[in-house]
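What's counted below: heavy atoms across the whole structure, side chains too, no hydrogens, waters or symmetry copies. This one's a predicted model, so the numbers in the text were calculated from it and none came from an experiment.
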Amino acid sequence: FYDLMMYIGSAVLFLGIICYVLTPGWYTNSLVEARNNSQFSSFEYNDDLLLESLRFSSFFEDSYPVSLMSVYILSISLFNYFRRDEKIKYSLICVFISFVSAILCMHRVSIASAILILLGFIGFESIKGKGKQFFLIILGALCVTFVSSLVSETINERLIALQDMLTNRTEDMSFSSAYNERQGLSNKLMSQWRFPIFGH
């Protein structure tokens, strides 16, 4: 079950990353339609407005499923990569995909969790002498991603926009700011509990 979840989840996240970076018309149109039909939408979205604030949601309507799924898949794929009995095929690719997904969804908890999980696994395995090889592979993958982004101008523009969004998001990693942003949601939740017997 876990191996299947790792492969299928990584495939969904990988295809979603491609669409998120390249932003084909059908992908952005479906997201605009989903946002405009959402009950939580307070104003009308268009393509440009959506891309300015779009968190990575793969093929889901929201980025929350990606934040959860990417951390699960990261844990499973790291475990499979460092297994004592045998390495599961393609688990390192799944590590890379899930780690990038956890960062692109721009949820502070998933970013912090992914970094801590990765550092924890690498630190633990470095004691046993395996972490160095893993670190070099990740570094090589990042170099390949950087070089390929320099080749294409449209991808480069999108990556610069994503970098700005990520920088703004990670600069604000405090608990107080995360809670203050959700105070309206907390008040809304508490108001739903005013009539516990008959509902609201």
Side-chain angles (χ1 to χ4, degrees), residues 5-38 40-78 90-115 117-118 137-173 178 181:
M5 180 180 173
M6 179 183 77
Y7 289 132
I8 293 172
S10 296
V12 168
L13 292 175
F14 179 69
L15 292 173
I17 289 172
I18 291 173
C19 292
Y20 183 70
V21 172
L22 298 179
T23 60
W26 60 269
Y27 181 73
T28 52
N29 289 339
S30 66
L31 288 175
V32 166
E33 187 178 326
R35 291 284 168 91
N36 289 334
N37 291 335
S38 170
F40 300 111
S41 180
S42 55
F43 53 89
E44 192 78 17
Y45 281 95
N46 60 23
D47 289 357
D48 295 330
L49 187 62
L50 180 77
L51 290 177
E52 286 175 11
S53 62
L54 182 63
R55 294 179 181 181
F56 175 55
S57 60
S58 189
F59 298 103
F60 302 102
E61 288 185 10
D62 196 81
S63 57
Y64 284 97
V66 172
S67 72
L68 293 170
M69 193 166 70
S70 60
V71 173
Y72 296 154
I73 294 171
L74 179 64
S75 302
I76 294 166
S77 53
L78 278 168
Y90 310 117
S91 57
L92 188 61
I93 295 169
C94 297
V95 168
F96 184 70
I97 292 169
S98 57
F99 184 74
V100 169
S101 299
I103 291 174
L104 287 180
C105 74
M106 296 183 204
H107 289 271
R108 288 172 284 221
V109 173
S110 67
I111 292 171
S113 298
I115 291 171
I117 289 169
L118 191 63
I137 292 170
I138 293 293
L139 190 65
L142 289 174
C143 290
V144 167
T145 305
F146 178 73
V147 169
S148 64
S149 71
L150 295 177
V151 174
S152 173
E153 190 174 322
T154 55
I155 293 175
N156 199 19
E157 288 174 12
R158 179 70 178 142
L159 289 177
I160 289 171
L162 290 176
Q163 181 183 1
D164 292 341
M165 288 169 57
L166 269 172
T167 304
N168 292 337
R169 193 68 180 156
T170 52
E171 282 175 354
D172 197 18
M173 289 285 278
E181 287 176 13

Note to self: One pair to check against side chain to side chain contact (heavy atoms under 4.5 Å, CB included): L13 and V100. What are the steps and the verdict?
What the structure shows: CA-CA 9 Å; L13 292 175; V100 169; over 6 Å; no
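- Summarising the geometry, atom CD1 belonging to I76 is positioned 11.5 Å from atom OG belonging to S91; distances are rounded to the nearest 0.5 Å.
- In terms of the side-chain contact (heavy atoms from CB on, under 4.5 Å) criterion, residue partners of S98 (sequence neighbours excluded) are, by chain and number, I73, L74, S77.
- Put simply, CD1 on I103 and OG on S70 are 9.5 Å apart, with the number rounded to the nearest 0.5 Å.
- Put simply, the side chain of Y72 never gets that close to the backbone of M6: no donor and acceptor are under 3.5 Å apart.
- Annotation: the span from I17 atom CD1 to F96 atom CZ amounts to 8.0 Å, rounded to 0.5 Å.
- When all heavy atoms of V66 and C105 are compared, the closest pair comes out as CG1-CB, 3.9 Å.
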Notebook entry, point to check: Run the side chain to side chain contact (heavy atoms under 4.5 Å, CB included) check on M106 and S63 step by step: do they pass?
Noted result: CA-CA 8 Å; M106 296 183 204; S63 57; over 6 Å; no
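- Atom-to-atom distance recorded for S10:OG and L15:CG is 11.0 Å, nearest 0.5 angstrom.
- S113 places no side-chain N or O within 3.5 Å of a backbone atom of S110 that could act as its donor or acceptor partner.
- The only member of F59, F56, F14 that meets ring-ring contact (aromatic ring centres under 6.0 Å, His included) when paired with Y20 is F56.
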